[in-house]
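Letters A, B, ... mirror the listed sequences (proteins, then strands); counts begin at 1. As the structure is a computational prediction, the values presented were derived from the model and not from experiment. Because only heavy atoms are used, hydrogens play no part in the values below, and waters and symmetry mates are left out as well, while side chains stay in.
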Number of protein chains: 2
Amino acid sequence: MESEEAVATIGDVARAAGVSRSTVSYALSGNRPISRETRERIDQAILELGFTVNAGARALATAQTKAIGLLSQFHRDEFAPAMLQYIRSVSDAARELGYDVLFVTDIDGSAAVRRITSSNMVDGVVLLDVTHADPRLDALRAARQPGALVGLPGDTEGLDVFDLDFGESARVMVDHLYSLGHREIILVSPPKHVFERGGAYGWRFRDAAIERAGRYGIRIHPYYGESQQPEITVNIDAILDARPTATAMIVHNDATIAALPMVLQRRGVRVPDDLSVVSLYAQDFGRTFSLPYTAVESSPDKLGRMAVQQLVRRIIDPGQAGPAVVKFVAPELVDRGSTA
Amino acid sequence: MESEEAVATIGDVARAAGVSRSTVSYALSGNRPISRETRERIDQAILELGFTVNAGARALATAQTKAIGLLSQFHRDEFAPAMLQYIRSVSDAARELGYDVLFVTDIDGSAAVRRITSSNMVDGVVLLDVTHADPRLDALRAARQPGALVGLPGDTEGLDVFDLDFGESARVMVDHLYSLGHREIILVSPPKHVFERGGAYGWRFRDAAIERAGRYGIRIHPYYGESQQPEITVNIDAILDARPTATAMIVHNDATIAALPMVLQRRGVRVPDDLSVVSLYAQDFGRTFSLPYTAVESSPDKLGRMAVQQLVRRIIDPGQAGPAVVKFVAPELVDRGSTA
DNA sequence: CTGAAAGCGCTTACAG
DNA sequence: CTGAAAGCGCTTACAG
């Protein structure tokens, strides 16, 4: 059982290589020149002993953990599938930059932010699914570590924020439908509870769509969507029954768009012949649900990646990273032929 | 700017409370009796200074990080939605037991296991999506930290393993269909690449289904499913065209079952009147995809939770936790009326 | 009930 | 180019 062997420390390496511990440390970090001969002896010793730097000790000495916190919330009554793409892109981007990810799903997000920052478990924090008056922001501002958000809060003071431009997304869709001749449109927004919770993307999109439609003289009928079956289906049916003369539908709701193909097929509604449909979702999401609709790309990969990159910039050099930034990803309409 | 203040250490608390650092430490841990008066002064000082124990320093001193690693793989060509439920249950269970989660998605899983274990970043590791000859297992066995697996490998030696009983799941389904009078059944397995990668749940389920059907004299037609559109739909159509006399379908394939309602509706196949359908998926998954089928519950919550609990047991007391355990969750058929 | 001191495994000025 | 030493912020025998 080699498991009895104590784990090798930098001191063991130093002894085996016949040098001092500081020399091993500098050989590891490259922070000062080491003779070729010495370096080779050290490398050899590291290999033989299977040495790896103890992360906790390094963190204590450098005051850097090389980890970032990823705060994710799972709300009851929520349609979760889109979340994974953000988690994944943050994780991948972090690793590429040499950071590990502490994944936190505590119900109490504020407490979680305080816990991981004040105990110095992480060098920075990424907040997912940020709401208008997100309680986690105060905790983040009070922390000594920087933070980056995916999702636009009401007050962006001092924080780096990344989000899709939902207002422009709505305008792009309305313009698209207008140019095709549509004059009466249904709009399905996120569920009411998303608005109530402060999911700003809901009203940012809706208000922009209504404003734009108004400018063109388009009749637009806004509705809340649902997030759970069977309510989703009931809801879609009710909306379609109520608006038989509408020629197009804008769906800004993951759960609704995922269920739409079924409902339309059952009702015998052909897309785009009977009804034009435009939506907003990530390409991967569309593939998962076999969605054939023209849609604005929601870009979870890009957003997660941007957030991490900016965060790491601030971690590495708090001074150079400049003032807080709010960045909106421009919508890109991917035409899949579901409008006419 | 209070941000200039250095972060409070245990020494600051000790000074403020007029006691020694060790007393503060013991007050924190509760590892020895402290007089009420002293304890109050310490609590007061902690509050005033906003003190939190430095996680890295504690980890260094105790050789415990209070974190577990969660190794998750994202394969190209994979249907991802089910993964999030495992991630979530592991994360929730870990937090309930006082552990944080280091979430790792490196392409090279072995290297990732070595990295986080040998650098002592975690006290233990949970492996998700384990394959028959999973290369991460050697790295895990070589580590000084314990590990728990979700998914059955070919060699379970020395490892705690948790998985659904896929063989029994298949038998339950075949029995169910047999008792309803079905004598010709279609079986849709996971995609071929899952089998090739060593996803043992694929053949464990399939072989058991074939064996059981054989015993009953049921004709069973096994097929690989697909994982991406439009291949999924093409595949289902081809299978149904090839087996017009089959009266039931067992679907052991997330992507296929998610797309099935659409295909059946388009073809005008009524369930269960024209075709009985049984599948295997988690309740949440079924809700997400609005699936109306009778199915064996895949229990991601239970599996993730069991893995974490066993892992923490081993972390806390490596001696008492006993020999490695392989636990299969019994299948539970949830009847949703899709068979007749 | 409490304190002084050693030690966890690193990094980094300081010195040569 | 290299070493001895201090220090990062904790915990825990050891002593009283």
(message) Between C1' on C:dC1 and CG on B:Asn31, what's the gap in Å once rounded to a whole number?
(response) 15 Å

(message) Between P on C:dT2 and CD on B:Glu37, what's the gap in Å once rounded to a whole number?
(response) 8 Å

(message) Output the rounded distance in Å from CD (A:Glu40) to C1' (D:dC1).
(response) 15 Å

(message) Heavy atoms only, 4.0 Å cut-off, all strands: where does B:Ser25 land among base, sugar-phosphate and nothing?
(response) base

(request) Tell me which nucleotide among C:dC10, C:dT2, D:dC10 gets nearest to the side chain of B:Ala57. (result) D:dC10

(request) If a pair satisfies ring-ring contact (aromatic ring centres under 6.0 Å, His included) and one of its residues is in residues 106-133 of chain B, list it, with sequence neighbours excluded. (result) B:His132-B:Trp203

(message) Tell me every residue that passes ring-ring contact (aromatic ring centres under 6.0 Å, His included) with A:Phe103, counting only those two or more places apart in sequence or in another chain.
(response) B:Phe103

(message) If you only use heavy atoms from C-beta on, which nucleotide in D:dG9, C:dT2, C:dT11 is closest to the side chain of B:Ile34?
(response) C:dT2

(request) Using both pair distances under 3.5 Å as the test, note the stems of at least 3 consecutive Watson-Crick or G-U pairs that include DNA chain D. (result) C:1-3 with D:14-16, C:5-12 with D:5-12, C:14-16 with D:1-3

(request) Write down the distance between CZ (A:Arg41) and P (D:dG3), rounded to a whole number of angstrom. (result) 8 Å

(request) For A:Met121 and D:dC10, give me the distance from atom CE to atom C1', rounded to whole Å. (result) 15 Å

(message) Need one value for A:Ser29: base, sugar-phosphate or nothing, where a base atom within 4.0 Å counts as base even if backbone is also close, heavy atoms only.
(response) nothing

(request) Answer yes when A:Asp160 and A:Arg313 have at least one side-chain N-carboxylate O distance shorter than 4.0 Å, and no when they do not. (result) no

(message) Which nucleotide wins on minimum distance to the side chain of B:Ser35, given the candidates C:dT12, C:dC1, D:dG9?
(response) C:dC1

(request) Return the set of residues passing side chain to side chain contact (heavy atoms under 4.5 Å, CB included) with A:Asp12 (not counting sequence neighbours), or none when no residue passes. (result) A:Ala8, A:Thr9, A:Arg15, A:Leu49

(message) I'd like to check the salt bridge (charged side-chain N to carboxylate O under 4.0 Å, His left out) partners of A:Arg136; sequence neighbours left out, ordered by chain and number.
(response) A:Asp134

(message) Among residues at least two apart in sequence or on other chains, which ones pass salt bridge (charged side-chain N to carboxylate O under 4.0 Å, His left out) with A:Glu48?
(response) none

List, with names and distances, any nitrogen or oxygen atoms from the protein found under 3.5 Å away from nitrogen or oxygen atoms belonging to nucleotides 4-7 of chain C.
residue	atom	partner	partner atom	Å
C:dA4	N6	B:Ser22	OG	2.9

(message) Between C1' on C:dC1 and CD1 on B:Ile42, what's the gap in Å once rounded to a whole number?
(response) 11 Å

(message) Check the phosphate of D:dT2 against A:Thr38, side-chain N and O only, distance under 4.0 Å to OP1 or OP2. Yes or no?
(response) yes

(request) List in chain and number order the residues that pass side chain to side chain contact (heavy atoms under 4.5 Å, CB included) with A:Ser89, two or more places apart in sequence or in another chain; answer none if no residue qualifies. (result) A:Asp301

(request) Scan residues 9-17 of chain B against DNA chain D and write down, sorted by residue number, each residue with any heavy atom closer than 4.0 Å; if none is found, say none. (result) B:Thr9, B:Ile10

(request) Taking only heavy atoms on the protein side, list every residue of residues 46-56 of chain A lying under 4.0 Å from any atom of DNA chain C, sorted numerically. (result) A:Phe51, A:Thr52, A:Val53, A:Asn54

(request) Test the B:Lys327-B:Phe162 pair against the cation-pi criterion, namely NZ or CZ under 6.0 angstrom from the six-membered ring centroid and within 45° of the ring axis. (result) no

(message) A side-chain contact here means heavy atoms from C-beta on lying under 4.5 Å apart; do A:Leu164 and A:Phe328 qualify?
(response) no

(request) Can you see which heavy atom on B:Gly151 is nearest to which on B:Val130, and at what distance? (result) O-CB, 3.6 Å

(request) May I ask you to decide whether B:Glu157 forms a salt bridge with B:Arg141, counting only side-chain N to carboxylate O separations under 4.0 Å? (result) no

(request) Taking the side chain as every heavy atom from C-beta outward, state whether B:Pro146 and B:Leu311 have any atom pair closer than 4.5 Å. (result) yes

(message) Check this for me, if you would: do A:Asp123 and A:Lys66 make a salt bridge, where the nitrogen-to-carboxylate-oxygen distance has to be below 4.0 angstrom?
(response) no

(request) Check salt bridge (charged side-chain N to carboxylate O under 4.0 Å, His left out) between B:Arg39 and all other residues, then give those that pass, not counting sequence neighbours. (result) none

(message) Classify A:Asn120 by what it touches in the nucleic acid, base, sugar-phosphate, or nothing, heavy-atom distance under 4.0 Å.
(response) nothing

(message) Run the side chain to side chain donor-acceptor pair (under 3.5 Å) test against B:Asp92 and tell me which residues pass, sequence neighbours left out.
(response) A:Thr105

(message) Rounded to whole Å, please give me the gap between NZ in A:Lys66 and P in C:dC10.
(response) 17 Å

(message) Distance check needed: C:dG9 C1' versus B:Leu60 CG, whole Å only.
(response) 5 Å

